[in-house]
Amino acid sequence: MLFKAPRGTADILPDEQAYWRYIEEKAVAVCKLYGYQRMDTPTFEDAGLFARSVGEGTDIVNKEMYVFKDRSDNELALQPEGTASICRAYLEHGMDNLPQPVKLYYFADIFRYERPQAGRYRQHHQFGCEAIGEASPMLDAEVIQMALWFFKSLGLTQFTLQLNSIGCKQCRPDYLLKLAEYYTPLTPSLCEDCRTRIVKNPLRLLDCKKPGCQAAAEEAPRSSDHLCEGCHDHFEALKIYLEALGIVYGVNHRLVRGLDYYTRTVFEFQPLEGGSQSALGGGGRYDDLITELGGKQTPAIGFATGMERIVLNLKNQGIEVPGQVKPAVFMACMGNSAKIEALKTASDLREAGIPVIVAAGDRSLKAQLRQANSLGAIYAVIIGDDEINEGMVTLRNMGTSEQQVVEPEELKTILGAQE
RNA sequence: GUGAGUGUAGCCCAGAGGCCUAAGGCGCCAGGUUGUGGCCCUGGAUACCGAGGGUUCGAAUCCCUCCACUCACCCCA
């Protein structure tokens, strides 16, 4: 074989498509219910956009981003996440002049140079939503509910909602200081990585999976205990709203996310079982991101889910999705004049909105009907010399094996009535 | 980036130094009716045994390198 799909990419074959269409359909329906509008952005952007938004120090930007120069030496990157592009477009098109908040959704191809494994690819697909221009925790609650609604409409139930607040630029520095203070004396018990994290990125200390570090993280100061008044009130209000909506959540003090732009609310949906730490989706508030990209202070919140992971979970939970529609009519023909007649008849039927598959080639009638059967056709129309001579066609019901000879003109009405 | 496992036809796989000019099942193609499917029967095509190198009289089977896949770490969707 000369070529294979690049590592970490996958072809989505016809047999898989039903899952994807199903997910898209449910996603669009939920967005409609909550008043979100679709927006599509480029697959690649100025690399600086991601460095600035996702963060220079993050793994995503540091070691996972596909960066390249085009022929004019522009430094570009395949998008490693969806939010940055949406915010860029929001600013670029003056959407801050629209009634706020602006609610947008997208389906995007996401690229990260990672080592592929279950539910993890170098190119994957996300469905995401962003609500830009409103700070109220009501919106946080609504976004979370919307995500849940989406999962529920898909039939997914085996997952938990984890919630945390990581503060804002006012209270977070103090908290990080507290974390560093707490961790410094424990340095000997920490893993290599965590020792550097104390200085570089103390938040990340919390989600280290190494046993020694886990123990330390248990007792570590909690971000939610060190929120400023504004963040505290926001978080408390959100919890009240969630409870009012009957949404079950767990506060996970160690939930921090790998993108620097998050402020206050962060959340993640974790499957109860299956594979590694394959989050179904997640999101959070990013009140400073628009400013970071050159806009005025604009609070916002969003969430995103991985399509591949949803497919994985649908399969794991044995959820059936609507399958491929069977062709209504298979047209078999024998002989040259029959071929012409078949093409014309098929054309007429399609004109009448009836799906038709025509057997092209010179296979035996037996072979043609075999194919009709394996395609699951409901009817077969047979045209051969006999039919041509009489100016008729044979209509065979593949379910009952009943046949009748009819005029070509009648097909439309007979078959149309079956729909 | 790290670690473990795997790599035989479109798919699932047997095969553990010569009997492999590689088996079986699914699928595909053809035939069993002179113009008729699904079941059944018969026949057929499709594999330079992941790639390259080595050991050997002899390798799909042993060794090395590389590549890919899978799983896990990491990180996240």
Side-chain angles (χ1 to χ4, degrees), chain A residues 1-10 13 15 23 54 58-65 79-83 107-128 147 159 191-194 197 201 204 207-210 213 255-259 266 268-271 274-283 302-313 330 332-335 338 359 361-388 394-403:
Chain A
M1 201 167 309
L2 239 40
F3 297 107
K4 292 200 316 196
R7 175 156 216 207
T9 66
L13 301 176
D15 283 352
I23 296 166
V54 177
T58 59
D59 282 359
I60 290 179
V61 167
N62 262 347
K63 29 192 234 197
E64 296 178 356
M65 200 155 73
Q79 55 184 350
E81 61 102 44
T83 303
F107 293 98
D109 288 13
I110 303 296
F111 304 85
R112 292 182 199 167
Y113 188 84
E114 300 191 80
R115 198 79 182 266
Q117 70 187 60
R120 202 175 76 178
Y121 302 89
R122 288 185 175 177
Q123 176 182 14
H124 76 274
H125 302 79
Q126 290 189 5
F127 156 59
F159 64 89
C191 72
E192 199 76 16
D193 289 340
C194 282
R197 284 178 179 136
N201 196 346
R204 297 235 71 84
D207 70 347
C208 183
K209 310 296 189 298
K210 302 265 177 2
C213 308
L255 176 64
V256 296
R257 294 179 45 86
L259 299 92
V266 292
E268 227 169 75
F269 301 95
Q270 284 290 344
S276 46
Q277 293 70 33
S278 45
L280 254 183
F303 92 99
T305 61
M307 306 275 281
E308 284 82 356
R309 290 195 180 167
I310 292 175
V311 172
L312 203 63
N313 279 272
F330 183 91
C333 53
M334 290 153 299
D362 291 299
R363 309 215 294 169
S364 66
L365 180 60
K366 179 187 188 131
Q368 294 186 57
L369 286 178
R370 233 200 273 268
Q371 193 187 355
N373 189 61
S374 68
L375 288 171
I378 303 162
Y379 286 97
V381 170
I382 301 169
I383 307 177
D385 291 341
D386 297 352
E387 286 81 0
I388 294 289
T394 299
L395 178 64
R396 179 179 182 86
N397 181 320
M398 294 299 284
T400 63
S401 296
E402 287 174 275
Q403 281 190 190

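If you're wondering where the values come from, they're calculated on a predicted model, not measured in any experiment. Chain letters run A, B, ... following the sequence lines, proteins first and then strands; every chain starts at 1.
At a threshold of 4.0 angstrom between heavy atoms, the contacts of A:I310 with the nucleic acid are absent. Within 4.0 Å of A:T58, counting heavy atoms only, lies no atom of the nucleic acid at all. Contact annotation for A:E268: no contact, since no heavy-atom pair falls under 4.0 Å across all strands. Using a 4.0 Å heavy-atom criterion, one finds that A:G282 contacts the sugar-phosphate atoms exclusively. No contact: A:K63 has no heavy atom under 4.0 Å from any strand. Base contact: A:R120 has a heavy atom under 4.0 Å from a base atom. Across all strands, A:F127 comes closer than 4.0 Å to no nucleic acid atom at all (heavy-atom distances). Residue A:L259 is in sugar-phosphate contact alone, with no base atom involved, counting any heavy-atom pair closer than 4.0 Å across all strands shown.
Each of A:E114, A:E64, A:M65 was evaluated against A:D59; a single residue qualifies, A:E64, per the side chain to side chain contact (heavy atoms under 4.5 Å, CB included) test.
Side chains of A:E402 and A:N397: a donor-acceptor N/O pair is absent below 3.5 angstrom, by distance only.
Rounded to a whole Å, the CD1 atom of A:I60 is 13 Å from the C1' atom of B:C74. Regarding A:R115, its CZ atom lies at a distance of 10 Å from the P atom of B:C67, rounded to whole Å. Distance A:F3 CZ to B:C67 C1': 16 Å, rounded to the nearest Å. The CG atom of A:L369 sits 9 Å away from the P atom of B:U36 (whole-angstrom rounding).
Across all strands shown, B:G7 forms a Watson-Crick or G-U wobble pair, both distances under 3.5 Å, with B:C67. Pairing partner, B:G24: B:C12, with both Watson-Crick or wobble hydrogen-bond distances short of 3.5 Å. Remark: B:A60 base-pairs with no nucleotide in the shown strands. Criterion, Watson-Crick or G-U wobble with two distances under 3.5 Å. Of the nucleotides present, B:G43 is the one that pairs with B:C29 by Watson-Crick or G-U wobble criteria, both distances under 3.5 Å. Pairing for B:U2 is with B:A72, a Watson-Crick or G-U wobble pair whose two hydrogen-bonding atom distances lie under 3.5 Å.
A:Q371 contributes atom CD, which lies 5.0 Å from atom CZ of A:R363 (distance to the nearest 0.5 angstrom). Here the CZ atom belonging to A:R309 is positioned 14.0 Å from the NE2 atom belonging to A:H125, to the nearest 0.5 angstrom. Between A:D386 atom CG and A:M334 atom CE the span is 8.0 Å, to the nearest 0.5 Å.
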List every contact pair, protein side and nucleotides 38-40 of chain B side both N or O, where the distance is under 3.5 Å.
unit_1, atom_1, unit_2, atom_2, d
B:G38, OP1, A:R370, NH1, 3.3
B:G38, O4', A:N373, ND2, 2.8
B:G38, O6, A:S401, OG, 2.9

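When distances run from any side-chain atom of A:S364 to the nucleotides B:G31, B:C71, B:C74, the shortest one goes to B:G31. Comparing B:A72, B:A77, B:C75 by their nearest atom to the side chain of A:A279 picks out B:A77. Candidate nucleotides B:C73, B:A77, B:G35 were compared by shortest atom distance to the side chain of A:E387, and B:G35 ranks first.
Put simply, A:R257 has no side-chain N or O that comes within less than 4.0 Å of OP1 or OP2 on B:C75. Taking 4.0 angstrom as the limit, A:Q117 places a side-chain polar atom (N or O) nearer than this to OP1 or OP2 of B:C73. Within the 4.0 Å cut-off from OP1 or OP2 of B:C69, at least one side-chain nitrogen or oxygen of A:R7 is found. In this structure, A:R363 reaches the B:C29 phosphate: one of its side-chain N or O atoms is under 4.0 Å from OP1 or OP2.
Side chain A:Q403 to base B:U36: a donor-acceptor pair is found below 3.5 Å.
The side-chain hydrogen bond (donor to acceptor under 3.5 Å, both in side chains) test applied to A:R122 returns no partner, not counting sequence neighbours. Among residues two or more places apart in sequence or in another chain, the salt bridge (Lys or Arg N to Asp or Glu O under 4.0 Å) test is passed with A:R257 by A:E268.
For the pair A:I383 and A:H125, both in contact range of RNA chain B, the more 5′-proximal nearest nucleotide belongs to A:I383. Projected onto RNA chain B by closest heavy-atom contact, A:E308 and A:A377 fall at different nucleotides, the more 5' of which corresponds to A:A377.
For the pair A:E81 and A:I60, the minimum side-chain heavy-atom distance is 4.5 Å or more.
The gap from the C1' atom of B:G27 to that of B:A45 amounts to 13 Å, rounded to the nearest Å.
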Inset, instruction - Could you walk me through whether A:K63 and A:R112 pass the side chain to side chain contact (heavy atoms under 4.5 Å, CB included) test, one step at a time? - result: CA-CA 9 Å; A:K63 29 192 234 197; A:R112 292 182 199 167; over 6 Å; no
